[in-house]
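All residue numbers in this chain count up from 1 along the given sequence.
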Amino acid sequence: MTHRSAGYRGSEEKLQGWFAGRLPDDWFEGQPEITTDREEILIVGKLPEPTLDKGASDETKAAGRVSRIERFREETRERRMAIAREAQWRFRRKVSWGAECGDQRRLFTTASVPVMTRLRMTERGVLDTLVTAGVARSRSEALAWCVKLVGENEEQWLGKLREAFEAVERVRSEGPDARIQTV
């Protein structure tokens, strides 16, 4: 099971184990990718390629892959919802789903969480420029676009930062119990 985490909440090992035991074995090729943060658990599994003629065009392959993902989404909806309800109660986070087939990746549901921030005039100017240029419809959408762009361009650095944070969490969990007991 591929797992990435921003290092929040409780035992990620328990979360991984729970999903490994709860997800049907025949849903995905291999273990799904599970990504977590404070508010959300995202599960994305790889689906088998559709059977096509050897000489199928790239357009035909892409359409077959998208259709395979859509079929999976429809056929598993009830069971995914039941698993999500149970996981949301257990882990206190929203559960989102997605699937990959070949080079096609689709997320079915994802949480859109408001984040408060304070920006100075020059920073607001950047967002307003993106809105004026038609890149985004609102400052909120422009800010989300900026965050996505930074994430894509700094993925290696962010990955190192996440690894360092996870190492700190592991060491912290191995340390003495920080609770003070009164007699």
Side-chain angles (χ1 to χ4, degrees), residues 1-16 18-19 31-46 62 65-66 69-70 73 80-81 83-180:
M1 187 167 298
T2 304
H3 180 263
R4 295 180 309 188
S5 173
Y8 302 108
R9 279 216 198 144
S11 171
E12 296 300 321
E13 290 79 20
K14 284 183 183 177
L15 185 143
Q16 288 180 31
W18 188 86
F19 278 102
Q31 296 298 316
E33 173 187 302
I34 298 180
T35 308
T36 66
D37 71 7
R38 294 178 193 180
E39 291 85 20
E40 183 176 16
I41 301 167
L42 173 62
I43 301 155
V44 180
K46 186 161 183 59
R65 291 169 180 153
V66 169
I69 292 170
E70 290 171 355
R73 182 180 187 186
R80 284 186 297 107
M81 288 172 60
I83 292 168
R85 277 190 301 275
E86 188 176 345
Q88 287 168 182
W89 177 84
R90 180 178 300 270
F91 300 109
R92 304 287 184 241
R93 291 181 255 183
K94 293 289 182 188
V95 175
S96 301
W97 299 90
E100 290 181 349
C101 186
D103 61 354
Q104 300 294 316
R105 180 180 175 103
R106 297 288 189 269
L107 301 181
F108 311 148
T109 54
T110 56
S112 183
V113 179
V115 178
M116 293 293 292
T117 186
R118 294 182 187 274
L119 300 176
R120 300 197 184 284
M121 187 180 290
T122 56
E123 295 159 336
R124 292 189 310 265
V126 171
L127 300 180
D128 291 341
T129 299
L130 293 171
V131 172
T132 301
V135 173
R137 293 178 297 212
S138 65
R139 281 181 172 176
S140 176
E141 189 176 282
L143 184 57
W145 182 84
C146 290
V147 170
K148 181 179 177 186
L149 187 63
V150 168
E152 289 171 357
N153 291 315
E154 299 298 329
E155 186 60 38
Q156 187 177 21
W157 179 80
L158 290 171
K160 288 180 183 178
L161 190 60
R162 286 184 192 108
E163 287 173 13
F165 182 76
E166 289 172 359
V168 168
E169 288 295 312
R170 276 193 303 278
V171 171
R172 188 179 289 154
S173 71
E174 294 169 1
D177 191 357
R179 290 178 289 172
I180 299 173

Shortest non-hydrogen contact from Phe108 to Ala99?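 Closest approach of Phe108 to Ala99, heavy atoms only: CZ-CB, 3.8 Å.
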Is the closest basic N to carboxylate O distance between Glu169 and Arg172 below 4.0 Å?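 Counted as a salt bridge, because a side-chain N and a carboxylate O are separated by less than 4.0 Å.
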Val95 and Ile83: side chain to side chain contact (heavy atoms under 4.5 Å, CB included), yes or no, with the steps? CA-CA 9 Å; Val95 175; Ile83 292 168; 6.0 Å; no
Please name all residues satisfying side chain to side chain donor-acceptor pair (under 3.5 Å) with Arg106, sequence neighbours left out, ordered by chain then number.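 Result, side chain to side chain donor-acceptor pair (under 3.5 Å) vs Arg106: Gln104.
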Which residues share a side chain to side chain donor-acceptor pair (under 3.5 Å) with Glu70, sequence neighbours left out: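 Side chain to side chain donor-acceptor pair (under 3.5 Å) list for Glu70, sorted by chain: empty.
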How long is the straight-line distance from [atom2] of [Y] back to [atom1] of [X], given to the nearest 0.5 Å?
| X | Y | atom1 | atom2 | result |
| --- | --- | --- | --- | --- |
| Leu107 | Arg73 | CG | CZ | 10.0 Å |
| Lys46 | Ile69 | NZ | CD1 | 9.0 Å |
| Arg65 | Asp103 | CZ | CG | 4.5 Å |
| Arg170 | Phe165 | CZ | CZ | 11.5 Å |

Please check: side-chain N/O of [X] versus main-chain N/O of [Y], any donor-acceptor pairing under 3.5 Å?
| X | Y | answer |
| --- | --- | --- |
| Thr109 | Ser96 | no |
| Glu40 | Asp37 | no |
| Thr36 | Ile41 | no |

Could you go through residues 145-152 and list every donor-acceptor pair under 3.5 Å that involves a side-chain atom there, pairing it with any protein atom two or more places apart or in another chain?
none

By salt bridge (Lys or Arg N to Asp or Glu O under 4.0 Å), which residues pair with [X], not counting sequence neighbours?
| X | value |
| --- | --- |
| Arg139 | Asp128 |
| Arg118 | none |
| Glu141 | Arg137 |

Got more than 12 heavy atoms from elsewhere within 6.0 Å of NZ, Lys94?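 Atom NZ in Lys94 is not crowded, with 12 or fewer foreign heavy atoms closer than 6.0 Å.
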Give the ring-plane orientation class for Phe19 versus Phe91, where under 30° counts as parallel, over 60° as perpendicular and anything between as tilted.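 Taking Phe91 first and then Phe19, their aromatic rings lie parallel (interplane angle under 30°).
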